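In this text the structure is predicted, and so the values were computed from the model without any measurement.
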Amino acid sequence: MGLRDQLIDNCIDTIQTRAAKKGVRTEEERTAAIREGIELYQDMMSLDEPFTDEEISQITRTVEYNLSVTMDSGSELLSKDYVPWYFERKNQIPSRFWDRYRKFLAKKLPFKVMGELDVSTSKIIDYAGDPKIEGKFQRRGLVVGDVQSGKTNCYLGVTCKAFDAGYDRVIILTGTTNSLRVQTQMRVDEGVTGYNSDPEKHKELIGVGLINSRLSISATTSVVSDFSVSYVPTSSGKSSPSILVIKKNTKVLENVINWLDVPQNKDASGLINESLLLIDDEADNASINTSTEDITKTNKMIRYLLTLFARAAYVGYTATPYANIFIEPDSYDEMVQFDLFPKDFIYSMWAPSNYIGPRSIFEPDGKCNYMLRTIPNTEKLFEGDLFHKKTAVFEVMPDSLKKAVAAFFISCTMRDLKGDREKPMAMMIHISRFNDVQDTILDKIQDAIDAIRDDIVSYYALPESESLKHETMKFLHDVWEEEYSGITDWPHNSWIEIQRNLNESVHPIKYMLINAKSEEKYIDYRRYPDYRVIVIGGNALSRGLTLEGLMVSYFYRVSKQYDTLLQMGRWFGYKDGFAEVCRVWTNPGIQAWFGYIGRVNDELKSDIDDMCAQKLTPNQYGLRVQEDMVGLIMTSRSKMRSSAKEFVRKCLAGDVYDTMYVIVDKEITQRNYEALDSFYDRLETYSHYTQRPDHGNICWSNIPKEEIISLLSGTNVAKKNVWYSFSELSKHITEGEDKWDVAIISRRNDSPGGSKKTLYYVHDMEIYCPRRRTYTFKPDADPKVVQMGNRTLKSPEDSKEFLTEAEIARVKESKPKNVSARDYMIAGRNPLLLIYYLDLTDLEKVPEPDKKDYENMIADLDGLNPVGFAIGFPAGAAGAEKKLVKYRANAIQQRLNADEDY
């Protein structure tokens with residue numbers, strides 16, 4: 001890095017640090033902070049050559065982006081015997097390993113994401129246990145994230161803080177393939193040890209080692225070798241902290257155990273008097289005991305390894321925790337002790353706002369749904385299609401795959417023209433699990449791509465009109481026109497510029513086969529930071545393998561299991577700066593599966609959040625996961641052996657669904673106001689509103705359902721309202737009753753929940769905004785949200801609107817105690833839409849340390865009242881009929897159900 005680049009990076013760090021201290025939130029504040037920060041930095045450094053316009057533009061873009069990305073705080077379930085220690089003695093813990101890792105990551109991660117990573121890693125090491133205490137402990141924990149969301153960054157941060165806090169050893173289990181082990185070893189080299197573990201590189205300093213090379217860690221694995229007793233001392237030694245990066249392989253685990261389990265390592269109690277942190281990456285894969293009789297060998301060895309140490313913490317990481325939640329919590333063995341159920345803590349991480357996950361792509365209203373492309377069902381890639389045999393031959397390259405390859409060529413060229421020439425770019429083709437079939441795929445694709453390349457070389461330099469006379473160039477032009485010509489804010493996005501640069505951009509593209517038989521098992525991005533590749537493979541392309549700069553994915557695989565299918569989605573993750581050119585080709589059935597699994601996954605994480613809010617422990621971790629999509633199961637049946645089927649009667653009819661998470665972002669709230677104002681104008685064309693004389697609700701009756709669908713499509717609600725999904729609701733509304741009732745909820749001072757402060761005029765209508773005293777502000781969510789107290793927005797007082805006095809009386813007679821909002825959704829009434837303009841200004845119950853954040857949130861709204869919604873379907877409503885939904889319940893949920901039955 002040159003001096004000028006260092007000055008730019010330091011300027012960016014300075015601006016971001018000042019912005020964080022000042023609590024910069026709005027776009028106007030960010031713009032002012034950047035302008036002032038650049039001026040102050042140049043004055044402070046007395047630069048002979050001030051920043052150029054181009055450099056100022058680079059600084060501005062980077063800071064604006066970094067400050068705009070947010071990350072919601074994680075949630076935790078903690079055992080009753082949890083004793084906090086890390087934060088109490090944090091000031092006495094030297095922060096050497098973490099400091100250099102933080103500086104290493106600060107150049108790569110958005111500012112707020114880095115801050116949340118610091119918080120979450122501190123919490124996780126705190127929950128893992130104090131390595132310096134006298135005595136013994138065996139702790140078990142689980143960290144739940146998202147596919148390709150940054151779990152490795154997290155557990156490397158935990159590793160660094162573990163060494164700082166005094167842990168003697170860290171062992172990282174990386175999965176079952178060598179490609180994943182090597183990839184993880186590279187990340188450990190960069191983020192923890194600070195040197196290249198390749199013996200030929202002679203401990204060349206890299207990553208954190210370039211920041212501080214004086215820290216010593218003993219490492220007995222490398223990028224070329226897993227753990228082997230032939231390469232390590234006969235005694236385990238204890239001169240410095242040590243780290244191992246090993247496969248979940250019984251032979252490797254046996255080698256580690258034999259190396260450690262020797263008399264010279266143990267004290268009088270028969271234990272190694274040291275502290276061990278064992279991190280299990282992809283903890284739902286290979287680690288689970290799937291046997292009903294003898295303990296499976298890998299699980300048994302992991303547990304035995306933990307028992308060798310006086311103080312041992314097991315921390316599993318996974319994006320697909322289905323198998324983990326079905327571990328029998330009371331499982332115990334005299335020799336290997338506790339199973340891997342996370343009895344001590346469960347930590348659920350939400351991904352940053354720039355993360356692209358399943359619902360972003362596969363939900364019809366997802367922010368990245370534009371990436372999705374369909375492989376027609378009429379295209380059969382093999383004999384037997386999705387269920388082909390290992391003898392299948394890939395004879396003809398289908399039109400959709402040709403188009404995907406063309407899209408990759410064009411997107412590489414577009415990124416080069418944008419200035420990304422030195423960055424990695426990749427395409428993934430995953431259409432068969434059989435190695436021999438993958439060989440035939442590679443042959444066909446090489447032939448087709450070489451033919452396209454030859455034509456590019458022949459025709460790219462011709463005048464546009466001449467070039468387009470040739471079939472290949474016309475095909476490439478047509479793909480660009482259909483896929484990319486509409487991206488208006490991409491520099492140099494004209495066909496003639498792309499045509500002129502195609503040859504230079506396409507020429508470096510390599511082919512690579514990654515499977516169990518291939519010579520190449522991974523991509524060494526340290527050696528080839530600008531690698532440009534089309535990767536073909538099967539199962540080796542899932543479970544943690546990262547393809548940097550993945551832009552185009554062609555996926556045509558079938559799996560019946562949620563976890564396996566989700567892990568195959570290598571296209572999830574972060575696409576900062578090139579998301580617009582990313583595309584995912586797959587067939588309609590697979591698209592539906594991914595969308596369904598995305599909703600189920602978010603429901604599971606939302607359930608964990610619910611339990612955290614109730615301050616439940618892991619041993620009260622009663623969960624059930626929906627398993628109601630034909631052809632899909634959560635995970636392998638052997639991992640679900642302690643689970644039980646449970647049928648839940650799900651029905652929109654006879655209930656009220658609300659947005660318990662309400663957006664408090666000014667710009668989004670303003671857009672919701674505009675959509676609502678237009679909605680009210682349209683309602684007035686059907687009938688003039690009436691205002692109730694008592695509480696002041698403003699009401700319209702018998703509104704066409706098309707108006708309700710139009711409003712819902714034009715308003716924004718927080719994605720955390722998992723089952724308040726426009727695509728789901730609109731389907732039920734379309735199939736349901738023709739006429740709806742609409743009410744803006746108002747609360748006069750003398751009515752329940754009435755506002756003492758806010759008399760408000762909405763579209764010339766006077767309302768008293770419902771006051772909420774109890775709510776939780778989540779400033780790191782994107783967009784910022786508040787979570788309603790008691791996890792609900794609605795009330796029975798609201799849902800009885802439009803009922804007659806006689807109907808209300810009958811409901812109360814049928815249920816004299818605890819009448820709920822759903823009880824008023826009686827058969828025969830219209831479906832109901834309730835609109836809430838919320839008064840959040842009463843901060844009496846907000847804890848003093850948090851009050852400033854709440855005050856800033858209210859000030860940022862600039863007088864706007866955030867908007868929430870509730871939708872009610874009457875009992876027996878058409879389109880919202882009852883159905884039994886199949887779930888799988890874990891052992892704890894089964895006990896809770898039994899207690900309820902009793």
Carboxylate-amine/guanidinium proximity below 4.0 Å for D339 and R140: no

Flag if over 12 foreign heavy atoms under 6.0 Å of NZ, K423: no

Within the side chain of S213, is there an N or O that forms a donor-acceptor pair under 3.5 Å with the backbone of L210? no

Decide whether E76 and S348 meet the rule of one side-chain donor and one side-chain acceptor closer than 3.5 Å. no

Under 6.0 Å between ring centres: does that hold for W350 and Y355? no

How are the rings of W259 and F227 set relative to one another: parallel (under 30°), tilted (30 to 60°) or perpendicular (over 60°)? tilted

Flag the pair L117 / C154 as yes when at least one side-chain heavy-atom distance between them is below 4.5 Å, and no otherwise. yes

Please report the interatomic distance CD1(I279) to OH(Y314), rounded to the nearest 0.5 Å. 11.0 Å

Which heavy atom of I514 sits nearest a heavy atom of Q438, and at what distance? O-OE1, 4.3 Å

Side-chain H-bond candidate by donor/acceptor type, N539 with R557, under 3.5 Å: yes

Can you check whether D168's main-chain N or O pairs, donor with acceptor, with S275's side chain at less than 3.5 Å? yes

Would you check if the side chain of R181 reaches a backbone N or O of V245 as a donor-acceptor pair within less than 3.5 Å? yes

With a 4.5 Å heavy-atom cut-off, do P424 and Y525 have their side chains touching? yes

Do K151 and D146 sit within salt-bridge range, that is, some charged N less than 4.0 Å from a carboxylate O? no

Passing candidate, side chain to side chain contact (heavy atoms under 4.5 Å, CB included) with Y155, options T184, I124, V143, V315: T184

Does the side chain of T174 come within less than 4.5 Å of I246's, by heavy atoms? no

Just by distance, do the side chain of R169 and the backbone of E274 share a donor-acceptor pair under 3.5 Å? no

Side chain to side chain contact (heavy atoms under 4.5 Å, CB included) for F345 and L77? Distances and angles first, verdict last. CA-CA 5 Å; F345 72 91; L77 300 176; over 6 Å; no

Taking the side chain as every heavy atom from C-beta outward, state whether K90 and S122 have any pair of such atoms under 4.5 Å apart. yes

Do you know the tightest heavy-atom contact between G194 and V208? CA-CG2, 3.6 Å

Go through the side-chain N and O atoms of R187 and N153 and say whether any donor and acceptor fall under 3.5 Å apart. yes

Taking all non-hydrogen atoms of both residues, which atom of N255 and which atom of S228 are closest, and how far apart? ND2-CA, 4.3 Å

Set out, in order, the CA-CA distance, both residues' side-chain angles and the distance that settles salt bridge (Lys or Arg N to Asp or Glu O under 4.0 Å) for R311 and D130, then state yes or no. CA-CA 9 Å; R311 295 168 298 283; D130 185 351; over 6 Å; no

Could you pull out the closest heavy-atom pair between Q138 and K343, with the gap in Å? O-NZ, 3.0 Å

Atom of S79, atom of P618 and distance for their closest heavy-atom approach: N-CD, 3.6 Å

Do other residues, nucleotides or ligands put more than 12 heavy atoms under 6.0 Å from E200 CD? no

Kindly give the heavy-atom pair with the smallest separation between F163 and V192, and that separation in Å. CE1-CG1, 3.9 Å

Any side-chain donor-acceptor pair under 3.5 Å between Y304 and N299? no

Check whether any side-chain N or O of S120 sits under 3.5 Å from a backbone N or O of E116 as a donor-acceptor pair, and report yes or no. yes

Over 60° means perpendicular and under 30° means parallel, so tell me whether H430 and F555 are parallel, tilted or perpendicular. perpendicular

Checking I536 against M512 for the side chain to side chain contact (heavy atoms under 4.5 Å, CB included) test, could you report, in this order, the C-alpha distance in whole Å, the side-chain angles of both residues, the deciding distance, and whether it holds? CA-CA 6 Å; I536 298 156; M512 189 173 185; over 6 Å; no

Determine, stepwise, if the pair Q567 / T320 fulfils side-chain hydrogen bond (donor to acceptor under 3.5 Å, both in side chains). CA-CA 8 Å; Q567 291 286 353; T320 48; 3.3 Å; yes

Greater than 12 external heavy atoms within 6.0 Å of K300's NZ: no

Find the distance between CE (M186) and OG1 (T546) and round it off to the nearest 0.5 Å. 12.0 Å

Side chains of S287 and K248: donor-acceptor distance under 3.5 Å anywhere? yes

With heavy-atom distances below 4.5 Å as the criterion, would you say the side chains of L604 and Y322 are in contact? yes

Centre of F97's six-membered ring, under 6.0 Å away, within 45 degrees of the axis: is that where NZ or CZ of K161 sits? no

Before you tell me yes or no, could you show the steps for D284 and N324 under side-chain hydrogen bond (donor to acceptor under 3.5 Å, both in side chains), namely the whole-Å CA-CA distance, both residues' side-chain angles and the distance that decides it to 0.1 Å? CA-CA 6 Å; D284 61 311; N324 305 84; 6.0 Å; no

So do L340 and L306 actually touch side chain to side chain, heavy atoms under 4.5 Å? yes

Are D267 and S269 close enough that a side-chain donor and a side-chain acceptor fall under 3.5 Å? yes

Would you say Q148 and R570 are linked by a side-chain donor-acceptor pair, where the criterion is simply a distance under 3.5 Å? yes

Drop me the distance from D281's CG to L180's CG, to the nearest 0.5 angstrom. 6.0 Å

Verify salt bridge (Lys or Arg N to Asp or Glu O under 4.0 Å) between D189 and R526, making sure each step is shown before the conclusion. CA-CA 11 Å; D189 290 355; R526 291 197 310 220; 3.5 Å; yes

Would you call K203-D198 a salt bridge at under 4.0 Å N-O? no

Which distance, rounded to the nearest 0.5 Å, do you find between the OH of Y574 and the CD1 of I356? 10.0 Å

Exercise: do D344 and Y82 side chains pair donor with acceptor under 3.5 Å: no

Is a side-chain N or O of N196 found less than 3.5 angstrom from the main chain of K201, in a donor-acceptor match? no

Let me confirm one number: the CD-OG1 distance from Q183 to T177, rounded to the nearest 0.5 Å. 8.5 Å

Walk me through whether T307 and L305 qualify under side chain to side chain contact (heavy atoms under 4.5 Å, CB included). CA-CA 6 Å; T307 64; L305 177 58; over 6 Å; no

Using modelled atom types only, decide if a donor and an acceptor are shared between the side chain of S222 and the backbone of S225 within a distance under 3.5 Å. yes

Beyond-backbone contact of L156 with Y101, side-chain heavy atoms, under 4.5 angstrom: yes

Is there a donor-acceptor pair closer than 3.5 Å between any side-chain N or O of K266 and the backbone N or O of L260? no

So do the side chains of V69 and K112 get within less than 4.5 Å of each other, counting heavy atoms only? no

At what distance, to the nearest 0.5 angstrom, does NZ of K123 lie from CG of L78? 9.0 Å

Counting only N and O atoms by type, is there a donor-acceptor contact under 3.5 Å from the side chain of W98 to the main-chain atoms of G157? no

Check against side chain to side chain contact (heavy atoms under 4.5 Å, CB included), E254 and V256: CA-CA 5 Å; E254 185 178 15; V256 173; over 6 Å; no

